[in-house]
Amino acid sequence: MPYALGAVVVVQLAGLGAWQINRAQEKRAVQDAFDRQTRFTRFVHGMDVEPFQRLTAEGVFDAAHQFLLDNIIVDSRYGHYILTPLVYSDSEPALIVNRGWIESSGGDIDPSALAVPDDRVTVRGRAGALPRAGFRMGSPVESSTWPLHAVYPTLDELAALLGREVQPFVLLMEPGEEPGLLRRWEPAGMGPERHYAYAFQWFAMAVVLAGLLAWNFRKRGYGK
């Protein structure tokens, strides 16, 4: 019976290693998709948008209805992402633009971080998504006055708060675009290299355990 249990554990360890290899390949494909996007395409409502596609979008920023995503950690510092709706026309869904990150000061937000042009603008960026939490408790909204503080909201929740439809993706504003906030966009999660390292560890444990089982089996004379 102990050998049967040991064999099951070996198979499970090898399965975990194979799963990590599969995750690494998925992450590699995502990174390749991110790196492949080099040209900017003009966004038109209703067009098909690929993940990480570089886009230019035209409209007017809705400065009165901005969101501050709380508890965003960059370089071990807490801060906020600033989300600002970009409105092309009243008949089209608004495009949520992630304008970048600012550090939390523990008090009021610097008004300069919320300042946007009043006139019609063209914004460059990548098609992305809102940050997601593995588990979220309670309401995503933490304030009642604009700009609203929120923790891991969904696009549907933002649309409800705005009282209008929004596009099914977020535009991650291109680094270097004004106003200058911190923007360091990469595919979410750890890279493929970490998954390969974990796979090696799982496979190594499987090999060691299999070797111990085989050695103990032969030592007891079962192999004779």
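Put simply, Leu130 and Val74 are part of the same group of oily side chains (I, L, V, M, F, W, Y) that touch within less than 4.5 Å, one to the next. No continuous path of hydrophobic side-chain contacts links Val60 to Leu95 [ILVMFWY only; heavy atoms under 4.5 Å]. Val166 and Leu171 are assigned to two separate hydrophobic clusters, defined by single-linkage of ILVMFWY side chains at heavy-atom distances under 4.5 Å. Under a hydrophobic-cluster definition in which Ile, Leu, Val, Met, Phe, Trp and Tyr are linked whenever side-chain heavy atoms come within less than 4.5 Å, directly or via other members, Leu161 and Leu69 are assigned to the same cluster. Hydrophobic clustering (ILVMFWY, side-chain heavy atoms < 4.5 Å, transitive): Trp101 and Phe67 are in one cluster.
Side-chain contact check for Gln53 versus Met47: some heavy-atom pair is nearer than 4.5 Å.
The environment of CG in Asp119 is crowded: more than 12 heavy-atom neighbours from other residues, nucleotides or ligands sit within 6.0 Å.
The minimum heavy-atom distance linking Ser89 with Arg164 is given by the pair O-NH2, 3.4 Å. The heavy-atom pair separating Trp146 from Ala64 by the smallest distance is CB-O, 3.4 Å.
Not a single donor-acceptor pair under 3.5 Å links the side chain of Asp75 to the backbone N or O of Arg77.
With a 6.0 Å cutoff to the six-membered ring centre and a 45° limit on the axis angle, Arg120 counts as a cation-pi contact of Tyr88.
Between Phe52 and Phe169, the ring centre distance reaches or exceeds 6.0 Å.
Counted by atom type alone, Thr84 and Arg99 present one or more donor-acceptor pairs between their side chains at under 3.5 Å.
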